[in-house]
Visitor: 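Dropping a structure here in structure tokens format, bear with me for questions.
Naming convention: chains lettered A, B, ... in sequence-line order (proteins, then strands); numbering from 1 in each chain. In this text, all values refer to a predicted model and were calculated from it rather than measured experimentally.
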Amino acid sequence: RKEVEQDPGPFNVPEGATVAFNCTYSNSASQSFFWYRQDCRKEPKLLMSVYSSGNEDGRFTAQLNRASQYISLLIRDSKLSDSATYLCVVNMEYGNKLVFGAGTILRVKS
Amino acid sequence: GAVVSQHPSWVICKSGTSVKIECRSLDFQATTMFWYRQFPKQSLMLMATSNEGSKATYEQGVEKDKFLINHASLTLSTLTVTSAHPEDSSFYICSARSGNTPYEQYFGPGTRLTVT
């Protein structure tokens, strides 16, 4: 089983749509969770951290369910510029290393 | 703030040659730097973790004699791909972390290596 699993997509949505991505992780002792965004042939950029209480940043909402070892990202009012690959990232307990999911591709179309 | 640069941004080399990639933290001191590799349509895979002044810790399956890492200062780490082969062609990305941000890593723009 992969340490971090994501639906690869692609998710093709119209502008203005709401879209949700899910991610599961295998290590119950994982400490920190993040969503990164990666554009084609570029480095990943931190989108937001994910907290147990859930957190929101503008059109983006992240949720964490430790019992189910599940993380989600909700994007409201999708923009064309949201088209990218979204990476679920987990900081494992050991060694402070980040483990990346394979990413979910989002394509927003006009 | 928190800018990480990499050089070169892309490189083409012949099989059997060695290539050095530099990773620099421009506006902060990086106590730890990480080297990742990303093949097309795959996720980033951690290759090694390096702490300034000490030997790098390599992930399982990564040959330390082939991928030489030097972290000689708090702002510079280098990755040398020795005796490169076409299967080493990949996107190499470094990231850096300061002591103040134990979980947040700042990524460089990546180096695209093509071995012919």
Visitor: Are B:Phe39 and B:Phe91 close enough that their ring centers fall under 6.0 Å?
Guide: no
Visitor: Checking heavy atoms, do the side chain of A:Gln6, its backbone, both or neither come under 4.5 Å from chain B?
Guide: neither
Visitor: For B:Leu46, is it the side chain, the backbone, both or neither that has a heavy atom under 4.5 Å from a heavy atom of chain A?
Guide: side chain
Visitor: So B:Leu44 and B:Ile93, do their side chains get closer than 4.5 Å, heavy atoms only?
Guide: yes
Visitor: Is there a side chain to side chain contact (heavy atoms under 4.5 Å, CB included) between B:Tyr36 and A:Phe100? Walk through the geometry before answering.
Guide: CA-CA 10 Å; B:Tyr36 295 85; A:Phe100 287 76; 3.6 Å; yes
Visitor: Side chain, backbone, both or neither: which part of B:Gln6 has a heavy atom under 4.5 Å from chain A?
Guide: neither
Visitor: Classify the ring geometry of A:Phe11 against A:Phe21: parallel below 30°, tilted from 30° to 60°, perpendicular beyond 60°.
Guide: perpendicular
